[in-house]
Amino acid sequence: MKLRIWFGMVILLLIVSACGSPIEENMSRNVDQMTTVNQHGNEVKLPEYFKGDYWIADFIFTNCDTVCPPMTGNMSRLQNQLKEENLEVPLVSVSVDPKNDTPEELVAFSKDYQPDYEQWDFLTGYTFQEVKEWSIKSFQSPLKKLPDSNQVAHGTSFYLVTPEGEVIKSYSGTDADSVTKIVEDLKTLKK
């Protein structure tokens with residue numbers, strides 16, 4: 001009798017694992033709606049703007065004196081590797097300091113990273129409270145203004161979002177090795 005139960009559990013496990021994602025996922029969150037503007041002042045409604053595409057998102061701000069420069073450097077490397085692999089995947093850097101990060105500031109900040117604005121959007125145009133709530137609800141990524149400072153504490157992950165607007169995986173945005181893993185996962189998903 002125990003052998004039958006064990007055998008049945010093995011079969012069930014095989015069936016369930018065969019129906020899963022082709023990549024190892026570590027999240028399952030729907031991206032809530034938020035209206036933004038990009039570096040050119042064009043309206044971008046999330047997640048509808050990217051409907052039908054996988055996309056990668058992160059959170060940064062232009063005054064950041066710690067993690068944002070290396071994260072943006074890694075996003076730039078990701079952009080280059082995606083082009084090398086002929087993968088058309090939108091990239092989105094969401095400002096956590098929208099009061100200071102105007103479209104003009106985002107263009108000035110991003111120029112050093114050689115973005116292809118056809119692929120990579122830098123977003124602003126909402127209040128801090130709106131992006132804080134959106135970040136927590138959609139990405140499980142808390143934000144906090146640091147007292148007596150112009151800095152904002154925020155998560156350092158890159159997020160993989162499905163064409164349906166579901167966040168399915170987070171990666172370290174400060175670890176250059178994550179770029180290769182993201183490209184591998186996207187190649188698997190876009191087969």
Side-chain angles (χ1 to χ4, degrees), residues 20-62 67-96 101 103 106-107 109-125 131 134-135 137-141 154-191:
S21 174
I23 67 166
E24 184 179 328
E25 298 178 6
N26 59 17
M27 291 186 73
S28 179
R29 305 286 292 190
N30 289 324
V31 176
D32 282 356
Q33 293 186 351
M34 187 166 79
T35 300
T36 72
V37 295
N38 70 8
Q39 68 281 346
H40 301 304
N42 299 326
E43 184 177 88
V44 175
K45 289 186 178 186
L46 297 174
E48 301 86 47
Y49 189 78
F50 299 110
K51 190 173 177 120
D53 287 324
Y54 285 97
W55 48 287
I56 303 292
D58 74 344
F59 294 89
I60 55 118
F61 65 108
T62 62
V67 296
C68 300
M71 288 175 64
T72 308
N74 284 337
M75 192 69 88
S76 179
R77 281 189 273 290
L78 177 58
Q79 175 184 250
N80 293 336
Q81 284 191 24
L82 291 170
K83 286 182 183 291
E84 287 172 13
E85 296 290 339
N86 293 316
L87 291 170
E88 293 184 21
V89 176
L91 307 175
V92 181
S93 291
V94 179
S95 172
V96 297
D101 287 346
L106 292 171
V107 168
F109 170 79
S110 65
K111 279 187 179 176
D112 289 341
Y113 301 97
Q114 302 173 336
D116 174 353
Y117 294 128
E118 293 296 315
Q119 179 182 21
W120 189 358
D121 281 300
F122 292 79
L123 303 179
T124 190
V131 73
W134 185 75
S135 175
K137 287 180 184 175
S138 299
F139 297 89
Q140 296 177 312
S141 184
H154 61 90
T156 59
S157 294
F158 287 179
Y159 299 95
L160 172 57
V161 184
T162 68
E164 297 78 33
E166 180 186 0
V167 183
I168 59 170
K169 191 162 184 178
S170 69
Y171 308 81
S172 171
T174 57
D175 182 356
D177 291 339
S178 290
V179 170
T180 302
K181 183 61 181 157
I182 293 168
V183 172
E184 289 171 3
D185 284 349
L186 286 166
K187 284 168 65 176
T188 299
L189 290 167
K190 291 176 84 66
K191 280 185 181 178

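- How far NZ of Lys187 is from CG of Leu189: 12.5 Å, rounded to the nearest 0.5 Å.
- Between the CZ atom in Phe139 and the CG atom in Asp58 there is a gap of 10.0 Å [rounded to 0.5 Å].
- Within a 6.0 Å sphere centred on CD of Glu48, other residues, nucleotides and ligands contribute more than 12 heavy atoms.
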Steps toward side-chain hydrogen bond (donor to acceptor under 3.5 Å, both in side chains) verdict (Arg77, Asn74): CA-CA 5 Å; Arg77 281 189 273 290; Asn74 284 337; 2.6 Å; yes

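- With contacts defined as side-chain heavy-atom distances shorter than 4.5 Å, the pair Leu78/Trp120 does not qualify.
- Side chain of Lys51 to backbone of Gly165: no donor-acceptor contact under 3.5 angstrom is found.
- One N or O on the side chain of Thr188 and one on the backbone of Glu184 form a donor-acceptor pair closer than 3.5 Å.
- Counting heavy atoms of neighbouring residues, nucleotides and ligands inside a 6.0 Å radius, atom NZ of Lys190 exceeds 12 of them.
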Evaluate side chain to side chain contact (heavy atoms under 4.5 Å, CB included) for Arg29 paired with Tyr159, printing each intermediate quantity in order. CA-CA 11 Å; Arg29 305 286 292 190; Tyr159 299 95; over 6 Å; no

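- Proximity of a side-chain donor or acceptor of Ser110 to a complementary backbone N or O of Val107 within less than 3.5 Å is detected.
- Distance CZ/Phe59 to OG/Ser141: 5.5 Å, rounded to 0.5 Å.
- The two residues Met71 and Ser157 make their nearest non-hydrogen contact at CE-O, 4.2 Å.
- Around the CD atom of Glu24, the shell of radius 6.0 Å holds no more than 12 heavy atoms that belong to other residues, nucleotides or ligands.
- Considering NZ of Lys169 and CD1 of Ile23, their distance stands at 5.0 Å, rounded to 0.5 Å.
- Of the possible donor and acceptor atoms, one in the side chain of Asp101 sits under 3.5 Å from a partner among the backbone N and O of Thr62.
- Judged purely by atom type and a 3.5 angstrom limit, Gln39 uses its side chain to pair as donor or acceptor with the backbone of Phe122.
- Inter-residue side-chain proximity for Val161 and Val31 is flagged as met; some heavy-atom pair is nearer than 4.5 Å.
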Derivation and outcome, side chain to side chain contact (heavy atoms under 4.5 Å, CB included), residues Glu84 and Val183: CA-CA 10 Å; Glu84 287 172 13; Val183 172; over 6 Å; no

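- Each of Tyr49, Phe158, Phe50 was compared with Trp55 under the ring pair (Phe, Tyr, Trp, His ring centres under 6.0 Å) criterion, and only Phe50 meets it.
- Between the side chain of Ser93 and the main chain of Ile60, no donor-acceptor pair closer than 3.5 Å is present.
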List the steps and the verdict of side chain to side chain contact (heavy atoms under 4.5 Å, CB included) for Asp53 and Val89. CA-CA 7 Å; Asp53 287 324; Val89 176; over 6 Å; no

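- Side chain of Thr124 to backbone of Pro103: no donor-acceptor contact under 3.5 angstrom is found.
- Here the shortest heavy-atom pairing between Val96 and Val131 reads CA-CG1, 4.3 Å.
- A side-chain N or O of Glu166 and one of Ser28 form a donor-acceptor pair less than 3.5 Å apart.
- Of all the heavy atoms in Gln79 and Gln114, the pair that sits closest is NE2-O, 3.2 Å.
- Heavy atoms only, all atoms of each residue included: Met75 and Val92 are closest at CE-O, 4.2 Å.
- Interatomic distance, CG of Leu186 versus CD of Glu88, reported as 12.5 Å (0.5 Å rounding).
- A donor-acceptor pair under 3.5 Å links the side-chain atoms of Asn26 to the main chain of Ser170, judged by distance alone.
- In this structure, the side chain of Asp121 does not engage the main chain of Leu123 through any donor-acceptor pair within 3.5 Å.
- Between the side chain of Gln81 and the backbone N or O of Ile182 there is no donor-acceptor pair closer than 3.5 Å.
- Between the CE atom of Met34 and the CH2 atom of Trp134 there is a distance of 4.5 Å, given to the nearest 0.5 Å.
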